[in-house]
Visitor: 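I have a structure I would like to understand better, so I am pasting it below and will then ask my questions one at a time.
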Amino acid sequence: MIYGVGIDIASPSRMKSVMERHPRIRERLFTGAEIAACERKGDPYASFAARFAAKEAFLKAAGTGLGEDARWTDIEVSGLGSGRPVLAVKGTPAKLLKDVGGAAHISLTHDAGVAAAVCVIEVQGPREG
């Protein structure tokens, strides 16, 4: 059963502009593994933007904001060998998934100057609340 669905878009050019103006923001938004994966890509800012959109989409699917006790790096996007993106969470986001007995599924895309992501949180039983 679906607990929540979230979608978000992000601009690779805006991501580049923000990162150039604020170099330390990269480490606030992304884990070391995410940074390394994006920097290996032909267009790293499209990859950064898609990952940021995935984090936002997860928060929308969860029905929460980031919150005071969570960090952007508590939500990590990586890829399987097949290229399929996966979401790993820790801290407050992990507690949310554990509390609802859920699993998060994501899909990413970027083309024509736009990056987008969709997140579906699936649970085993009916949604309460």
Visitor: Could you work out, with side chain to side chain donor-acceptor pair (under 3.5 Å) as the rule, every residue matching E122, not counting sequence neighbours?
Guide: H105
Visitor: Under the salt bridge (Lys or Arg N to Asp or Glu O under 4.0 Å) rule, what pairs show up with a residue in residues 96-107, not counting sequence neighbours?
Guide: K95-D99
Visitor: Using distance only, find each side-chain donor-acceptor pair of residues 80-91 under 3.5 Å and give its atom names and separation, not counting sequence neighbours.
Guide:
residue	atom	partner	partner atom	Å
S82	OG	R84	N	3.3

Visitor: Residues in side-chain contact (heavy atoms from CB on, under 4.5 Å) with T73, at least two apart?
Guide: T31, R71
Visitor: In terms of hydrophobic clustering (I, L, V, M, F, W, Y; side-chain heavy atoms under 4.5 Å; direct or indirect links), are I9 and M15 co-clustered?
Guide: no
Visitor: Partners of R21 by side chain to side chain donor-acceptor pair (under 3.5 Å), sequence neighbours excluded?
Guide: S17
Visitor: Between atom CD1 of I2 and atom CD1 of I121, what is the distance when rounded to the nearest 0.5 Å?
Guide: 11.0 Å
Visitor: Please report, to 0.1 Å, the donor-acceptor pairs under 3.5 Å made by any side chain of residues 46-60, with sequence neighbours excluded.
Guide:
residue	atom	partner	partner atom	Å
R51	NE	V77	O	3.4
K55	NZ	L29	O	2.7
K55	NZ	E34	OE1	2.9
K55	NZ	E34	OE2	3.4
K55	NZ	W72	O	3.1
K55	NZ	I75	O	2.7
K60	NZ	I7	O	3.2
K60	NZ	D8	OD1	2.8

Visitor: Please report the interatomic distance CD1(I106) to OG(S78), rounded to the nearest 0.5 Å.
Guide: 7.5 Å
Visitor: What closest approach, in Å, do P12 and G113 show between heavy atoms, and which atom pair accounts for it?
Guide: CD-O, 3.3 Å
Visitor: I want to check something: taking the side chain as every heavy atom from C-beta on, are S107 and T109 in contact at a cut-off of under 4.5 Å?
Guide: no
Visitor: Once rounded to the nearest 0.5 Å, what's the spacing between atom SG of C38 and atom OH of Y45?
Guide: 10.5 Å
Visitor: With the side chain counted from C-beta on, respond yes when R26 and E39 share a heavy-atom pair under 4.5 Å apart, and no when they do not.
Guide: yes
